[in-house]
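Below is one structure, written out as structure tokens; the observations come after it.
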Amino acid sequence: MTTKTTVDDAEVARFSAMADEWWDPTGKFRPLHKFSPVRLGYIKEHVSAHFARNAEDPAAFKGLRFLDIGCGGGLLCEPMTRLGAEVIGVDPSPVNIEVARLHAERSGLQIDYRATTAEDLAAAGERFDVVLNMEVVEHVADVPVYLAACAQLVKPGGLMFVATINRTLKAYALAIVAAERVLRWLPPGTHSYEKLVKPAEIEGPLGEAGMTIVERCGVTYNPLLDRWNRSRDMDMNYMLLAARPK
Amino acid sequence: MNQATADRTEIAVVGSGPSGMIAALLLSRRGFSTVLVGPRAKADPRTTALLDASVAILGDLGIWEDIAPLAAPLRQMRLIDDTGRLVRAPETLFDSAEIDLDAFGYNVLNNDLNSVLEKALAASSVTRIEALADAIRPGDDGVEIDIEGRATPLRVQLLVASDGRSSRARDAAGIAVQRWSYPQSALVANLSHQRPHDDTSTEFHTPHGPFTLVPLKGNRSSLVWVGEPKEIVAMQALDDAAFAREVERHAKSILGPMTLESGRQVFPLSGMKAKTVAANRIALVGETAHVFPPIGAQGLNLSLRDVADLGDACERARSNGQDIGGGAALSAYAAARRGDIDTRIFGVDTLNRTLLADFLPIQMVRGLGLYLAGRVGPLRRLLMREGVAPSFRGRARSA
């Protein structure tokens with residue numbers, strides 16, 4: 001947790017510039033912005049259905065406690081808050097947390113951002129209705145240990161969303177060779193092939209932690225429309241939904 | 001909705017012409033708290049041909065039933081090559097029944113359209129501010145709008161700019177425009193005539209531009225005459241009776257003797273396109289985003305599709321919990337509009353320029369194009385459908 005005691009104007013200016021960067025749909029994080037509608041749509045649909053909420057209600061998530069792991073600049077936390085959820089965003093990077101805080105303040109949104117890890121939150125006994133685990137597992141050191149900690153964070157009757165990239169040749173070709181080296185959508189080195197995760201490697205640990213897999217779907221890119229869509233093809237990007245029984 | 005935005009108006013539509021009024025109606029109908037800023041529309045003797053897709057949009061808003069009795073259906077479109085050139089296109093007739101439409105569109109006086117829209121606004125939940133917007137300041141979390149005669153600025157999440165071709169809101173958004181002009185002027189007028197128009201619009205293609213008569217209710221038509229500025233100015237200088245005789249002569253008397261009904265208006269022909277349709281919490285619709293010659297009934301129809309796509313983008317953003325004036329929503333709107341606007345500008349521009357071209361091969365291509373359009377059923381039907389609504393739109397809309 002970073003509690004700033006002295007405010008450094010140059011630092012604030014730097015964070016502010018980074019917040020602009022995080023939130024610029026045409027900038028450095030363009031791939032994430034492009035990805036947003038499909039992720040948000042998936043979360044909206046399944047959370048509304050699971051918790052019997054009216055998806056048309058602008059405050060459909062009121063009263064639900066959300067955790068966004070690896071929240072970055074707050075690209076998911078802000079929409080969830082706008083939909084009425086009480087949101088905690090965590091990221092191991094204090095810089096990201098500072099950026100996210102600054103942007104939430106500018107957006108007039110109340111979000112509890114903390115520079116901490118899922119393991120520490122689990123140890124502290126925090127529990128949530130919905131845990132968002134989006135584009136994180138491919139970056140952690142020990143997937144089963146990490147997922148076990150994440151599972152503990154889900155209340156009985158709660159949900160966990162996981163989104164990541166499959167470890168297939170197709171994913172290697174598209175997510176690493178094409179996206180990082182050819183199209184330069186992502187900085188080279190963002191993903192490494194050995195760290196990519198197969199669906200079974202997520203479903204296994206989650207099952208052992210007492211969670212059941214509710215739904216899984218692939219996410220594919222349509223280059224003609226420059227848009228991501230849900231699909232049955234899970235060879236590349238995919239999303240999983242797990243629930244903890246009541 | 002969170003506490004920060006609950007007490008705030010979500011959207012301000014700045015500019016109260018037909019596009020602005022329709023935008024305000026549509027956005028408030030979709031559940032956004034909406035303010036319309038701008039004085040009431042002035043008298044406007046021009047007419048608008050509302051094409052099928054526009055009729056559908058107005059139908060969804062529940063106002064088509066009020067417009068329909070005032071509008072004349074366009075069931076057939078006739079193109080006549082009057083260029084007097086070596087290579088001339090054959091007469092081409094497009095019939096709406098061929099693409100299973102009752103009519104290509106409906107021609108209505110702008111005055112009538114505006115009064116229906118004013119009535120619908122009065123009955124809607126749109127807040128009306130009949131004053132001009134002064135300074136506009138886009139910020140991180142909202143746009144501030146100073147309004148003439150008001151001490152406190154209006155604060156909104158999204159500003160919809162429909163304040164026309166010299167838009168202040170567009171300048172405030174920092175959106176640059178590209179302008180061009182044509183060596184032509186346009187004259188518009190409404191005339192009554194002895195013979196019925198049989199719900200057919202007739203377009204004479206002259207070397208200086210199209211001369212088009214579009215049906216109005218009864219034995220009346222609206223004229224859009226595009227020509228050399230000199231010729232057009234001379235026409236404007238004639239007295240009413242002499243002018244009507246000139247129109248009849250140019251129309252080869254197909255509608256019989258004519259009488260001028262309402263005042264002639266002349267304006268230079270020009271085009272304009274905004275570099276993007278959205279930036280800094282400001283979304284452009286209608287002539288704020290695009291202006292092109294009054295050919296082929298594309299102007300307001302394209303504006304209505306702007307409005308419909310903007311409504312979809314805002315609705316999707318709200319459903320996903322995203323900021324309706326934020327980068328994600330605005331870039332979705334811009335992406336949805338790009339193809340449609342470019343196609344229309346290109347189409348109208350190309351048709352106009354081929355008429356002006358003295359270069360024989362271009363005349364031949366145009367002649368061949370219209371010849372093929374006349375003879376080859378599938379091509380003709382494709383052209384008709386594309387003219388009424390672009391086909392890629394359906395795909396671009398589904399998220």
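In what follows, chains are A, B, ... by sequence order, proteins preceding strands, each numbered from 1.
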**Complete:** Sequence neighbours excluded, the answer for salt bridge (charged side-chain N to carboxylate O under 4.0 Å, His left out) partners of B:Asp60 is none
**Request:** Sort B:Ser331 into side chain, backbone, both or neither according to what part of it lies under 4.5 angstrom from a heavy atom of chain A.
**Result:** side chain
**Request:** State, without any angle test, whether B:Asn301 and B:Ser54 hold a side-chain donor-acceptor pair at a distance under 3.5 Å.
**Result:** yes
**Request:** For each of B:Ser319, B:Gly31, B:Gly139, tally heavy-atom pairs with chain A at distances under 4.5 Å, and name the one with the top tally.
**Result:** B:Ser319
**Message:** Please determine whether the number of non-hydrogen atoms from other residues, nucleotides or ligands lying under 6.0 Å from atom CZ of B:Arg150 exceeds 12.
**Reply:** no
**Message:** So which residue, B:Gly327, B:Gly326, B:Ala328, B:Ala317, ends up with the most heavy-atom pairs under 4.5 Å with chain A?
**Reply:** B:Gly327
**Message:** Main chain of A:Ala115, side chain of A:Asp91: is a donor-acceptor contact present, judged purely on distance under 3.5 Å?
**Reply:** no
**Asked** In terms of ring plane angle, is the pair A:Trp23 and A:His33 parallel, tilted or perpendicular, where the classes change at 30° and 60°?
**Response** perpendicular
**Prompt:** By number, which residues in residues 40-56 of chain A have some heavy atom less than 4.5 Å away from chain B?
**Reply:** A:Leu40, A:Gly41, A:Lys44
**Item:** Over-ring placement of A:Arg65 relative to A:Phe128, 6.0 Å and 45° cut-offs
**Value:** yes
**Item:** Whether A:Trp22 and A:Phe29 hold their rings parallel, tilted or perpendicular, with breakpoints at 30° and 60°
**Value:** parallel
